[in-house]
Amino acid sequence: MALYGSVRAEELTLVPWTDEEKAAFVRMQFDAQDAWYRQVYPGGRFSIVTLNGEPIGRLIVGRRPAEGIVVVDITLVPERRGRGIGTRLVTDVLEEADREGLPVTLRVEPWNPVRRLYLRLGFEPGPVEGVYESMTRPARRPMVS
């Protein structure tokens, strides 16, 4: 919840709400998003990303038969972005997919700078639905141990 609030803090500076109203809004939005993710990805991994014991992000990964492994959400606190942490998180998911011969899918806003990372990691652009573009890194053969 605190991470979600920290990511929304900048945009909330634009609204004339009290701190209590902002906190209530963040709680409501977080609860709705969390409930939705848990409904759609009931067996998903909901992970807190830490660095030296400090929570700095979250990674939610699900699975769906038609999509393979789905990066549902990857979020880092603003001050930890651009340091290779997100790249490592996505690379770990790709390695898991390679071991199992599965594709990896995700959705991203077409204007989001992280889209360039996804392209570098082999994701292919797909259809745009609403404000999100689907991207898929096709399945690769399972790695032999």
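Here the structure is a predicted model, which is why all the values come from computation and not from measurement.
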Are [X] and [Y] connected, step by step, through hydrophobic side chains (Ile, Leu, Val, Met, Phe, Trp, Tyr) whose heavy atoms are closer than 4.5 Å?
| X | Y | answer |
| --- | --- | --- |
| V104 | Y132 | no |
| V108 | V90 | yes |
| V72 | V93 | no |
| L59 | I48 | no |
| F46 | V49 | no |

Measure the shortest side-chain to side-chain distance between [X] and [Y] over non-hydrogen atoms and say whether it is less than 4.5 angstrom.
| X | Y | result |
| --- | --- | --- |
| R115 | M135 | yes |
| Y4 | V26 | yes |
| L106 | I74 | no |

For [X] versus [Y], what's the shortest heavy-atom pair and its separation?
| X | Y | value |
| --- | --- | --- |
| R63 | L102 | NH1-CD1, 3.3 Å |
| A139 | G101 | CB-O, 3.4 Å |
| P125 | E133 | CB-OE2, 3.1 Å |

Exercise. What pairs of residues pass the side chain to side chain donor-acceptor pair (under 3.5 Å) test when at least one of them lies in residues 37-52, not counting sequence neighbours?
Worked result: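 Those involving residues 37-52 are Q33-Y37, D34-R38, R45-E96.
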Kindly compute the distance separating CG (L76) from CD1 (I56), expressed to the nearest 0.5 Å.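 Answer for the CG-CD1 pair, L76 versus I56, is 5.5 Å.
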*Spatial distance of atom CZ (R137) from atom OG1 (T105) [nearest 0.5 Å]*: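 Rounded to the nearest 0.5 Å, the CZ-OG1 separation comes to 11.5 Å.
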Under the side chain to side chain donor-acceptor pair (under 3.5 Å) test, which residues partner [X], sequence neighbours left out?
| X | result |
| --- | --- |
| E11 | R8 |
| R81 | none |
| T75 | D73 |

What do the steps show when you test R140 against E95 for salt bridge (Lys or Arg N to Asp or Glu O under 4.0 Å), and what is the final call?
CA-CA 10 Å; R140 297 189 177 165; E95 289 172 358; over 6 Å; no
Can you list every ring-ring contact (aromatic ring centres under 6.0 Å, His included) pair that touches [range], not counting sequence neighbours?
| range | result |
| --- | --- |
| residues 72-119 | Y118-F123 |
| residues 86-109 | none |
| residues 61-83 | none |

Sequence neighbours excluded, every pair satisfying salt bridge (charged side-chain N to carboxylate O under 4.0 Å, His left out) that has a member inside residues 46-55: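 As it turns out, the salt bridge (charged side-chain N to carboxylate O under 4.0 Å, His left out) pairs with a partner in residues 46-55, which skip direct neighbours, are E54-R80.
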Of all residues at least two apart in sequence or in a different chain, which pass the side-chain contact (heavy atoms from CB on, under 4.5 Å) check with [X]?
| X | result |
| --- | --- |
| E124 | P138 |
| D31 | R27 |
| P127 | E129, S134 |
| T18 | E20, E21 |

Can you tell me which residue among V114, D92, L117 is in a side chain to side chain contact (heavy atoms under 4.5 Å, CB included) with T87?
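For T87, the side chain to side chain contact (heavy atoms under 4.5 Å, CB included) check succeeds only for L117.
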Q.
Tell me whether E67 is salt-bridged to R107, with the criterion being a basic N under 4.0 Å from an acidic carboxylate O.
A.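 Here E67 pairs with R107 in a salt bridge, since their nearest N and O are under 4.0 Å apart.
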- Distance-only, no hydrogens or angles: does the R116 side chain make a donor-acceptor pair with backbone N or O of N112 under 3.5 Å?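 Not confirmed, R116 side chain does not pair with N112 backbone.
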